[in-house]
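In what follows, chains are A, B, ... by sequence order, proteins preceding strands, each numbered from 1. For the numbers below, each heavy atom of this structure counts, side chains included, while hydrogens, waters and symmetry mates do not.
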Amino acid sequence: METSPPATRISDLAAARPDFFRGLNPEQEAAVRATQGPVLVLAGAGTGKTRVLTTRIAHILAQGLARPWEILCVTFTNKAAREMRERTVALVGAAAEGLSNLGTFHSIAAQILRRNAELVGLKSSFTILDDDDQTRLIKAILEAENVDTKKWTPKSFAWHIDQWKNKGLTPDRVKNDEGAAFAGGRGVKFYQMYQDRLRILNACDFGDLLLHNLELLTKHPDVLERYHQRFRYVLVDEYQDTNVAQYLWLRLLTNADRNLCCVGDDDQSIYGWRGAEVDNILKFERDYPGAKVIRLERNYRSTQHILAAASGLIKANAARLGKTLFTEQAGGDMVRVQGLWDGAAEAQFVAEDIERQKKAGRKWSDMAILVRASFQMRAFEERFVMLQIPYTVVGGPRFFERAEIRDALAYLRLIQSEDDDLAFERIINVPKRGIGDATVQKLLQSARLAGVSVMTAVRDLIETDELPGRAKTPLIGFLRDYDRWREQAKQVAADELIDRVLTDTGYYDMQRADKTSGQTRIDNLKELGDSMQAFDNLEAFLEHVSLVMDLERDNGASSVRLMTLHAAKGLEFPVVYLPGWEEGIFPSQRSIDENGLRALEEERRLAYVGLTRARQEARISFVANRQVYGRWTSQIPSRFVDELPMENVEAASQTGYQSSGGWQSQESRWDRAGYEPNYTKRATDNDLSGVDMSRLRPKSAPHRPSAPPKPSAKNFKLGERVFHIKFGYGIITEMEGNKLVVNFETSGDKKVIDSFVERA
DNA sequence: TCCGAGCCACTTTTT
DNA sequence: GTGGCTCGGA
């Protein structure tokens with residue numbers, strides 16, 4: 001995007017703001033000044049990475065090395081892009097507004113693709129599908145191919161497609177992997193069909209934005225050359241989170257000058273499960289020979305004990321570049337570890353501590369609870385409601401994913417573009433117009449046959465006798481409305497338009513009839529309208545919505561933050577609570593089952609991320625008993641607890657925790673350190689007789705304590721019959737080390753770890 | 001077309 | 001334990 005010269009003359013910048021470098025430490029300054037050639041900045045948690053990136057941009061501009069639009073700066077989230085822009089503006093003023101190529105991978109890729117769409121067989125007006133559209137489309141394809149969509153769910157296939165796209169694989173390049181075996185080896189074929197359908201619909205999913213870019217830039221050297229001339233400096237945030245496609249994209253776009261600066265932290269790579277390759281950052285020096293590597297290790301966030309605890313923990317990981325954070329804030333509180341009886345006790349403990357902190361002068365928003373998985377949040381929410389502690393769940397269901405918002409957007413999309421068949425399908429019978437499934441299928445089929453959009457097919461069909469009158473009448477009415485909205489779209493603002501559509505169609509009435517949550521939905525729709533006012537036209541708004549799936553909503557009042565560890569990355573709080581540090585929960589058993597050691601290291605990085613969010617206090621807790629999916633299970637402390645360096649950790653007294661003992665071959669030190677057992681008889685691995693569980697356990701459900709994992713192999717044999725707490729009885733069909741494949745009687749083949757099954 | 005029973009699955013999640 | 005989805009009957 002060419003932009004007129006910025007209001008501030010760039011040559012004035014250095015004179016106007018000679019103080020870019022003030023307050024930077026020597027490493028940060030080196031990272032800013034090393035403008036030429038490849039640079040990897042290994043920025044540990046809380047070491048001022050964003051500051052380096054923004055100052056670097058400012059410096060490049062001030063030196064006159066590039067004009068704003070010649071800097072390509074990519075982030076993962078819109079929030080990060082926004083923050084980067086704001087902070088750069090703060091440094092260089094209006095010049096930063098010309099940074100038209102500062103954005104997320106997806107938004108920049110979309111920009112490039114819109115400008116060159118024809119070259120990869122799309123029209124520049126292509127629509128960007130979200131997850132929901134994607135899943136519906138896949139479902140339609142699978143059903144048309146007579147696939148049992150209960151066994152082979154559209155969601156799981158969508159996941160495979162994403163994984164392929166993350167790796168930069170088009171259908172012709174997919175190997176015989178797990179996804180290819182989908183529905184009896186037809187995975188690749190369905191992938192191809194899906195891509196074909198997208199092209200007909202003139203649509204892209206998120207993965208396509210990158211994938212089509214790769215095709216475009218590889219097959220059209222002239223286009224690539226143009227971008228090489230444009231992008232003189234490339235900056236990448238959170239490099240450890242890049243997937244293969246993004247990695248290739250960056251390699252392509254970096255020109256012969258190799259002015260590439262990647263900032264990241266291998267210890268904070270927590271998105272491997274969605275395609276991120278820690279390897280990208282680990283092999284940077286090999287990819288870009290002669291690269292400068294600058295380590296930022298001076299931490300400005302946390303106290304000494306917190307930092308040392310986190311550092312000690314992450315040392316257990318093998319695959320890392322190695323950094324040691326240090327701080328000048330000596331002392332401070334030690335990390336506290338607290339064992340508790342069960343989930344309710346844990347919630348109570350945390351809530352009471354939060355109240356104590358509040359009384360001692362902290363704000364609610366100074367405190368955050370970071371959990372591994374969202375199901376853990378409920379216990380805390382219940383407690384907070386009871387005690388009237390204000391809290392906010394960060395993350396969670398997104399505004400634009402709500403059904404009513406998606407309905408409204410589908411109307412807008414259809415008005416914007418008659419070809420948007422997916423939008424048509426979504427709203428043609430919402431609210432109910434008496435156009436049932438049979439009619440819709442007929443319309444789709446007829447459109448497919450004629451090779452036209454569904455709207456065109458509707459216009460054609462109502463001229464014929466092919467549709468029964470009861471379907472025809474509402475369709476004629478719908479078309480009349482539709483044509484009117486299209487006219488109005490040219491005259492009224494987008495928010496006004498949507499209001500009319502929702503009124504005309506009876507959508508508001510339909511919601512008003514719903515006494516339970518209708519009003520909330522109407523409020524959400526009003527909010528949608530408000531957010532549209534900032535856009536000049538419908539097109540701009542829809543582009544924004546498809547790429548920026550978040551809506552800035554300030555949470556007003558101060559409240560305790562409750563979120564997943566993943567959502568906490570990049571944030572910081574004076575006080576952080578880290579509950580649920582138990583084997584199986586954190587590290588997550590499922591992760592380990594699926595990806596073994598690789599996943600375990602990622603879980604450990606997650607623990608590292610959690611700890612390093614804390615500025616002054618970090619409180620870890622675990623429980624002896626937890627109800628998981630309605631079943632009581634006895635828990636053992638996470639191995640991460642044992643990996644914390646003892647000298648930085650304080651085990652709180654007055655616990656109700658009685659260790660189950662010996663969860664590893666060596667005795668866990670938490671068996672001894674500072675605990676005051678409440679129960680006289682010691683609970684062992686398989687015997688909880690000394691523990692009064694009856695008050696906790698529902699009488700109807702027979703209690704079956706889960707077998708704690710043991711490192712020692714149980715010497716199972718192929719063909720042996722085993723029992724698994726979750727899957728029941730089955731026969732071992734494959735074995736590899738401690739990993740088993742068991743054919744369960746009720747749930748078929750599953751991969752499990754031997755310690756989780758017993759001889760039947 | 002709507003509603004209730006039954007069945008299933010159930011980690012993390014941006015764009 | 002729970003929510004989401006499908007299927008079958010009214």
Spacing of A:D132 atom CG relative to B:dT13 atom C1', expressed in whole Å: 15 Å
Minimum-distance nucleotide (side-chain atoms of A:S374 versus C:dG1, B:dT15, B:dT12): B:dT12
Picking from B:dT1, B:dT12, C:dG1, the nucleotide nearest the side-chain atoms of A:H566 would be B:dT12
Between A:W152 and A:F157, ring centroids under 6.0 Å: no
Does A:T564 place a side-chain N or O at less than 4.0 Å from the phosphate oxygens OP1/OP2 of B:dT13? yes
Tell me the interatomic distance from A:H106, atom NE2, to B:dT13, atom P, rounded to whole angstroms. 16 Å
Qualifying residues under salt bridge (Lys or Arg N to Asp or Glu O under 4.0 Å), relative to A:E539, sequence neighbours excluded: none
CD of A:Q589 versus P of B:dT12: gap in Å, rounded? 16 Å
May I have the distance from A:F586 (atom CZ) to B:dT12 (atom P), rounded to whole angstrom? 13 Å
Would you please indicate if the ring centroids of A:W581 and A:F586 are separated by under 6.0 Å? yes
Quick one: do the A:Y194 and A:D205 side chains pair a donor with an acceptor below 3.5 Å? yes
Would you confirm whether the ring centroid of A:H160 sits within less than 6.0 angstrom of the ring centroid of A:Y191? no
With sequence neighbours left out, the residues meeting side chain to side chain contact (heavy atoms under 4.5 Å, CB included) with A:Q163 are A:W159, A:N166
How many angstroms lie between atom CD of A:Q627 and atom CZ of A:R378, to the nearest 0.5 angstrom? 8.5 Å
Please give, in whole Å, the distance from B:dT13 P to A:K165 NZ? 23 Å
Grab the N/O contacts between the protein and nucleotides 3-8 of chain B below 3.5 Å, and write none if there aren't any.
none

Output the distance between atom CD1 (A:I435) and atom CZ (A:F478), rounded to the nearest 0.5 Å. 7.5 Å
Which nucleotide sits closest to the side chain of A:R378: B:dT15, C:dG1, B:dC2? C:dG1
Have a look at A:Q376 and say if it touches a base, only the backbone sugar-phosphate, or nothing, with a 4.0 Å heavy-atom cut-off. nothing
Whether the side chain of A:R372 and the base of B:dT12 hold a donor-acceptor pair under 3.5 Å is what I'd like checked. yes
What do you reckon, do A:Y271 and the base of B:dT13 stack, with centroid distance below 5.5 Å and planes below 30°? no
In whole Å, what is the span from the CD atom of A:E381 to the C1' atom of C:dT2? 14 Å
Starting at the 5' end of DNA chain B and moving along, which residue's nearest nucleotide shows up first, A:K150 or A:L565? A:K150
Measuring from the side chain of A:R274 (C-beta onward, heavy atoms only), which nucleotide among B:dT1, B:dT15, B:dT13 has the closest atom? B:dT13
Any base atoms under 4.0 Å from A:S588, or only sugar-phosphate, or nothing? Heavy atoms, all strands. base
To the nearest angstrom, how far is A:K155 atom NZ from B:dA9 atom P? 14 Å
Can you tell which of B:dT1, B:dT15, B:dC10 lies closest to the side chain of A:Y629? B:dC10
Would you indicate which nucleotide in B:dT15, B:dT13, C:dT6 comes nearest to any side-chain atom of A:K139? C:dT6
Determine the contact category for A:D205: base if any of its heavy atoms lies under 4.0 Å from a base atom, sugar-phosphate if only primed atoms, P, OP1 or OP2 are that close, otherwise nothing. nothing
Hey, is A:W273 stacking on B:dT12? Ring centres under 5.5 Å, planes under 30°. yes
Measure NZ/A:K79 against P/B:dT13 and give the value in whole Å, please. 13 Å
